[in-house]
Asks: 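Quick one: the structure is below, and I'll ask about it shortly.
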Amino acid sequence: MSAVPVSTIVLHPRPAAPAPAPAPEPASPAAGGARDAWSVDAVQALFELPFADLLLRAQLVHREHFDPNAMQLSTLLSIKTGGCSEDCAYCSQSSHHETELKAGKLLEVEAVVDAARAAKDAGAGRFCMGAAWRSPQARHMEPLLRMVREVKALGLETCMTLGMLDAQQARALQAAGLDYYNHNLDTDPDYYGAVITTRTYQDRLDTLEHVRAAGVKVCCGGILGMGESRRHRAGLVAQLANLDPYPESVPINQLVPIEGTPLAGTPPLDPIEFVRTVAVARITMPRAVVRLSAGRQQLGDAAQALAFLAGANSMFYGDRLLTTGNAEVDRDRDLLQRLGMHANPPGEPGTNSRNPATAG
Ligand code: SAM
Ligand code: DTB
Ligand code: SF4
């Protein structure tokens, strides 16, 4: 394991007064201790730290739990595209918006398995299947369960994102071999109503509860750059960090502005603020795998490298996300190589041995 123990990192004495120290990290859920909640104020205080202090803190936390040079690679496939009844203001697939996207049917199982095999051959460790639904219907379950079984049989980790699930659907997916379910909180509860009106924050929390109760690992994050404030970003991170336990996997998306959606003209987020958010996620959720998700093309190599320093240790890998482009595979391989980073083999989370939450 190449993770550098914190004790071996030489820190130069700080010449000036130390930056204010935000609240201590709450007791780890894996340690079974009582958890303190992260207040939004405490999370915002992390955001306000000088950039170098914030990144150092994030790196120390990261190195304590993970190999800092390991990258988890997930490939996405849209298994059912467009025509969605929800009104998420960022989304190309909502039938409430006039976008250029053509709606399709649920893909055949064989087509999904072929795409998963290609993703594995290209080096992905996890295959994430996304459907533009409010929630899956009963007739969808049989093909979905076959997809999970057959993708899993290839030796890939499986992930799905299908909208809201009830308890029974979550249990059926778990029994088929689903490793992760992605369901994002997307933003702060106070900003949520400006983005989505067709389902509530509580609906999302309920689905996360069903996923957790079924024994499927939780992949839950949000979107930055939708016009929210720093306070809202702190509120989102506090919500995620206060889930008990916090998600195993935290995707941080940057808004991909899509023509025809209400958020199309939103000014881009400062990349430094994006990196700050990654660092704050790392500090507040030390054992979570933090994923650079949508928006990597806009971030560019230098900001992504900073985000890796800030504790991001996963990315979407493959030329497409769901309906938009992603950084190209050759470019990502080149980026990892220039940074001396390596991809995790499938099923291997790239943790160090002190990480009970994701080591098994
Ligand atoms: N329909 C399901 C749902 O919403 O739960 C699953 C698919 S949905 C596309 C998954 C997530 O992708 C959303 O929750 C959102 O966080 C992210 N996403 C969708 N469109 C995006 C965009 N234009 N920019 C950034 N992230 C986006
Ligand atoms: C997540 O948090 N981001 C992914 C995945 N989960 C399903 C989706 C990103 C979608 C970006 C816009 C698109 O391609 O449509
Ligand atoms: Fe539908 Fe998901 Fe897009 Fe919302 S984010 S419109 S639920 S596909």
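Numbering of ligands and ligand atoms starts at 1, following listing order.
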Asks: Are side-chain N/O atoms of H210 and T207 paired as donor and acceptor at under 3.5 Å?
Replies: no

Asks: Could you see which bit of D186 sits under 4.0 Å from ligand 1, with heavy atoms only: side chain, backbone, both or neither?
Replies: side chain

Asks: What protein heavy atom lies closest to atom 11 (C) of ligand 2? Include the residue and the distance to one decimal.
Replies: A294 CB, 3.8 Å

Asks: Within less than 4.0 angstrom of ligand 3, does R199 place any heavy atom?
Replies: yes

Asks: What residue and heavy atom of the protein are closest to atom 24 (N) of ligand 1, and at what distance?
Replies: V256 N, 3.0 Å

Asks: Is the shortest N/O to N/O distance between N184 and ligand 1 below 3.5 Å?
Replies: yes

Asks: Look at atom 27 (C) of ligand 1 and say which protein heavy atom is nearest, naming residue and atom and giving the distance to 0.1 Å.
Replies: I223 CD1, 3.7 Å

Asks: To check your reading of the model: name the closest protein heavy atom to atom 4 (C) of ligand 2, its residue, and the distance in Å.
Replies: F316 CE1, 3.6 Å

Asks: Quick test of your reading of the model: are R333 and D330 salt-bridged, counting only N-O distances below 4.0 Å?
Replies: yes

Asks: At a non-hydrogen distance cut-off of under 4.0 Å, which region of V256 contacts ligand 2 (side chain, backbone, both, or neither)?
Replies: neither

Asks: Would you call G130 a ligand 1 contact, heavy-atom distance under 4.0 Å?
Replies: no

Asks: Measure from atom 3 (Fe) of ligand 3 to each N, O or S atom of C84 and report whether any distance is below 2.8 Å.
Replies: no

Asks: Which residue holds the protein heavy atom closest to atom 3 (N) of ligand 2, what is that atom called, and what is the gap in Å?
Replies: N253 OD1, 2.9 Å

Asks: What's the shortest distance from atom 12 (C) of ligand 2 to any protein heavy atom, and which residue and atom give it?
Replies: T324 OG1, 3.7 Å

Asks: Measure the distance from atom 8 (C) of ligand 2 to every protein heavy atom, then report the residue, atom name and distance (to 0.1 Å) of the closest one.
Replies: L322 CD1, 3.8 Å

Asks: Distance to 0.1 Å, residue and atom name: give those for the protein heavy atom nearest to atom 8 (S) of ligand 1.
Replies: L322 CD1, 4.5 Å

Asks: Would you kindly check if the NZ (Lys) or CZ (Arg) of R276 is within the cone defined by 45 degrees around the ring axis of F51 and under 6.0 Å from the six-membered ring centre?
Replies: no

Asks: Who's the nearest protein heavy-atom neighbour of atom 15 (O) of ligand 2, and how far?
Replies: T323 OG1, 2.5 Å

Asks: Could you tell me whether some N/O pair between A131 and ligand 1 is separated by less than 3.5 angstrom?
Replies: yes

Asks: Identify the protein heavy atom lying closest to atom 4 (O) of ligand 1, giving its residue, its atom name and the separation to 0.1 Å.
Replies: R199 NH2, 3.8 Å

Asks: Less than 4.0 Å between a side-chain N and a carboxylate O, is that true for R146 and E110?
Replies: yes

Asks: What protein heavy atom sits nearest atom 18 (N) of ligand 1, and how far away is it?
Replies: Y90 CE1, 3.8 Å

Asks: Under 4.0 Å from ligand 2, counting heavy atoms only, is it the side chain of N184, its backbone, both or neither?
Replies: side chain

